[in-house]
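Working notes for the structure below.
Remember, it's a predicted structure, so these values are computed and weren't measured experimentally.
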Amino acid sequence: QVRLVESGGGLVQAGGSLRLSCAASGRTFGYVTLGWFRQAAGTEREFVAYITWSGGNTYADSVKGRFTISRDNAKNTVYLQMNSLKPEDTAVYYCAAARVVSLDDASYDYWGQGTQVTVSS
């Protein structure tokens, strides 16, 4: 069992920044990838970024150049630094853990409860 707890969401004006954190605990061994996904109201959940144990990462085109994912393996924590936020970034952001490297949310076994990010125009 892996527990993921997100924090750092909130309300920000367009152009602003937020940093999300996701703390992992429990049986995390073997879960090599931590990913961030988001779901806006009335839409399907979409991939945002992932980072592997070794630091490899991938971003969705919509956030490339604005968001940065990082992880502190000693703290079992992954971060998502979000800069130049846009109203279309408004969503619930979820952290998830997978045993494989994947952009597909079906590959992720454990999910956090989500944190709301709202960007006002």
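- With sequence neighbours excluded, no residue satisfies salt bridge (charged side-chain N to carboxylate O under 4.0 Å, His left out) with R99.
- To the nearest 0.5 Å, atom OG of residue S70 and atom CD of residue Q81 are 8.0 Å apart.
- Aromatic pair F47/F37: centroids less than 6.0 angstrom apart.
- Side-chain atoms of N57 do not come within 3.5 Å of backbone N or O of T52 as any donor-acceptor pair.
- Between T115 and Y94, every side-chain heavy-atom pair lies at or beyond the 4.5 Å cut-off.
- Considering every non-hydrogen atom in both Y108 and S102, the closest pair reads OH-O, 2.6 Å.
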After noting the C-alpha distance and the side-chain angles of Y50 and T33, does the key distance pass the side chain to side chain donor-acceptor pair (under 3.5 Å) rule? CA-CA 7 Å; Y50 73 62; T33 305; over 6 Å; no

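- Under a 4.5 Å side-chain heavy-atom cut-off, the cluster of Ile, Leu, Val, Met, Phe, Trp and Tyr residues that includes M82 is completed by V2, L4, V12, L18, L20, Y31, L34, W36, V48, I51, Y59, V63, F67, I69, V78, L80, L85, Y93, Y110, V117, V119.
- There is no side-chain donor-acceptor pair under 3.5 Å between T77 and D72.
- We find that D61 and K64 are joined by a salt bridge, their nearest charged nitrogen and carboxylate oxygen being less than 4.0 Å apart.
- Both tests pass for R19 against the ring of Y79: distance under 6.0 Å to the centre and angle within 45° of the axis.
- Distance OG/S7 to CD/Q113: 8.5 Å, rounded to 0.5 Å.
- In this structure a side-chain-to-backbone donor-acceptor pair under 3.5 Å is missing from T118 to L11.
- Taking CD of Q39 as the reference point, atom CG of D105 lies at 9.0 Å (rounded to 0.5 Å).
- Summarising the geometry of A24 relative to T28, their closest heavy-atom pair is CB-CG2, 4.0 Å, with the distance given to 0.1 Å.
- To the nearest 0.5 Å, the span separating OG on S121 from CD on Q13 amounts to 9.5 Å.
- Across all their heavy atoms, E6 and G112 have their closest contact at OE2-CA, 3.2 Å.
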Pair R38, D89 - check side-chain contact (heavy atoms from CB on, under 4.5 Å), show working. CA-CA 9 Å; R38 66 187 182 186; D89 294 317; 2.9 Å; yes

